[in-house]
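Chain A is the first sequence line, chain B the second, and so forth, proteins listed ahead of strands; every chain is numbered from 1.
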Amino acid sequence: MNTTAFGLLVQILLGIAGGIAVGGGVIALFIVLDMIPRLAQLTRSYHRVHWYEGAMVAGSLLGTVFDFWNWKMSLGAWSGLIVGLFHGIFIGLLAAALTEVLNVLPILAKRLKMIRFLFGLLMAMVTGKVAGSLFDWFVYRK
Amino acid sequence: MSSNSAPTVYLQLRSRVPITQGRVVTLGHVARILSDPEWEGPLRNLELVEPQKWDGNLLLIDLMQIIPKVQELIPGVKIEPIGQNHVLVEVVQNPRKPSLVLFLLVWLLLFFGSALTIMNFHADVNMQEVQIRTVEMLTGKRDEHPYLFQAAYSFGIGFGMVVFFNHLFKKKWNEEPTPLEVEMFLYQENIDQFVVAQEYKKMKSSQNKGESH
């Protein structure tokens, strides 16, 4: 027992402070990028946005706990497929929201007078992301 | 009885109108008009300005320029403006077809740009380690190449982006605009606002010059 009560107190304080900062940052990022409103709009479920908030908080907490205490489940290989798909969709939403915030497509399409091809340009980004990710995992880091 | 001697004209200016080069801008182009039927024809064909080369391809017409012309046409007229008090006239040359080669270049730029960006992102956040760890948590076994997870993840990215931009499901799910459409609109709106402010500035400075001479 070489930790004094004071040392313990400081540890708790630092842990809480760091947790609040990181947790606030994570949620702020998703709020700024409007991902929850977007999903609520698409599924017409504005009245359930509090559940979505809860999902994000619970997910963050569960991920942290699993990671720190090294919890493991013994699910089959199919679990990777499902979680991977959700993970990818989430990253896709994040990437799309980020692109949108940065106004890349409107400016590019207008400067080059290509408003008519907007859908094509959008698909370029989408297929580019998928191809880049596949290349990364299956070729580059084989 | 007095209404006969002083007809009222209601004018509602549009916000942005295109016009082909060489044509004269008439009141009917830039505004919706409500007045006595006998005046509607002449008002619609009332010539405002002829865009000149030095005007550039955007021209601001202010209500203050329109009112004297209308009063010249109908002496003693009462003008009731509704809504905006200026209109942007866009002079368009024969519309050029956007070239397919340019489109292909931009397409490739975005394609490879996106591909490299996602790879950079993976390296930046150490995605591989996180994925290996995630699969370890799920299955209890460590797999240095969780290909199943990674394949699902990769296609998920594409699906997520499409969902965000609401392109494929637009008809099926709802008719609200996509964020991209809103963004394009806001971008245009901002440009218009800027141009209007700029043209007013030009107008003011040229007036000042005229006074000093």
Side-chain angles (χ1 to χ4, degrees), chain A residues 34 38 41-42 44 66-67 71-77 79-97 100 103 105-110 112-122 124-138 140-142, chain B residues 96 98 102-103 106-119 121-123 127-128 131 133-141 143 145-167 169 173-174 176 179-181 183-184 186-188 191:
Chain A
D34 274 353
R38 185 79 196 111
Q41 183 200 7
L42 279 174
R44 294 166 184 266
F66 260 81
D67 197 19
W71 288 2
K72 277 171 195 165
M73 292 184 280
S74 44
L75 304 173
S79 61
L81 195 74
I82 294 166
V83 177
L85 188 65
F86 278 122
H87 180 35
I89 293 173
F90 191 80
I91 296 289
L93 283 169
L94 193 70
E100 205 246 346
N103 253 352
L105 280 173
I107 294 173
L108 207 59
K110 189 151 167 53
L112 298 165
K113 303 199 190 309
M114 287 190 178
I115 307 268
R116 286 195 315 146
F117 293 138
L118 206 58
F119 181 66
L121 297 181
L122 191 70
M125 296 190 95
V126 173
T127 48
K129 283 268 193 289
V130 174
S133 184
L134 287 172
F135 176 79
D136 201 357
W137 306 127
F138 287 87
Y140 184 62
R141 304 200 204 190
K142 204 174 161 84
Chain B
R96 214 158 29 102
L102 205 59
F103 167 70
V106 174
W107 200 95
L108 288 174
L109 174 80
L110 287 174
F111 181 84
F112 286 113
S114 295
L116 289 172
T117 312
I118 199 80
M119 287 174 71
F121 165 72
H122 289 161
M127 181 66 83
Q128 191 172 30
Q131 289 184 339
R133 195 89 182 90
T134 311
V135 173
E136 191 185 359
M137 285 174 193
L138 289 168
T139 60
K141 278 170 269 164
D143 179 2
H145 289 286
Y147 285 127
L148 197 64
F149 184 95
Q150 289 171 335
Y153 163 84
S154 302
F155 287 108
I157 292 178
F159 185 69
M161 290 190 76
V162 168
V163 165
F164 188 89
F165 286 121
N166 195 19
H167 252 294
F169 311 102
W173 287 3
N174 57 40
E176 286 183 58
L180 194 59
E181 282 168 340
E183 210 55 53
M184 295 289 300
L186 287 180
Y187 186 65
Q188 186 67 54
I191 290 180

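Trp107(B) is listed as a side-chain neighbour of Thr127(A), based on a closest heavy-atom distance under 4.5 Å. Side-chain contact between Val126(A) and Phe159(B): absent, with no pair of heavy atoms (C-beta onward) separated by less than 4.5 Å. Val163(B) has its side chain within reach of Leu93(A): a pair of non-hydrogen atoms, C-beta onward, lies under 4.5 Å apart. At a threshold of 4.5 Å between non-hydrogen side-chain atoms, the residues Ile91(A) and Met127(B) count as touching.
Gln131(B) touches chain A through its side chain: at least one heavy atom from C-beta onward sits under 4.5 Å away, while N, CA, C and O do not. For chain B, the nearby part of Tyr140(A) is the side chain; its heavy atoms alone come within less than 4.5 Å. Contacts between Leu138(B) and chain A at a heavy-atom distance below 4.5 Å involve backbone atoms as well as side-chain atoms. Both the backbone and the side chain of Trp137(A) come within contact range of chain B, judged by heavy atoms closer than 4.5 Å. Within the 4.5 angstrom heavy-atom criterion, no atom of Leu108(B) approaches chain A. For chain B, no part of Phe90(A) is nearby; none of its heavy atoms comes within less than 4.5 Å. Proximity to chain A (any heavy atom under 4.5 Å) is shown, for Tyr147(B), by both the backbone and the side chain.
Comparing Glu136(B), Lys141(B), Gln188(B), Met119(B) by heavy-atom pairs within less than 4.5 Å of chain A, the highest count is held by Met119(B). If you tally non-hydrogen atom pairs under 4.5 Å between each of Ile191(B), Val135(B), Leu109(B), Val106(B) and chain A, the highest count goes to Val106(B).
For the atom pair Asp136(A) CG and Gln150(B) CD, the distance stands at 8.5 Å (nearest 0.5 Å). To the nearest 0.5 Å, the span separating CE on Met161(B) from NZ on Lys129(A) amounts to 5.0 Å.
The minimum heavy-atom distance between Phe111(B) and Ala131(A), with the atom names listed, is CZ-CB, 3.7 Å. Phe66(A) and Arg133(B) get closest at one heavy-atom pair: O-NH2, 4.2 Å. Of all heavy-atom pairs spanning Leu148(B) and Ala77(A), the tightest one is CD2-O, 3.3 Å. Taking each heavy atom of Phe138(A) and Ala151(B) in turn, the nearest pair found is CZ-CB, 4.0 Å.
Among pairs with a residue in residues 151-161 of chain B, those fulfilling side chain to side chain donor-acceptor pair (under 3.5 Å) read Ser133(A)-Ser154(B), His122(B)-Tyr153(B), at least two apart in sequence or across chains.
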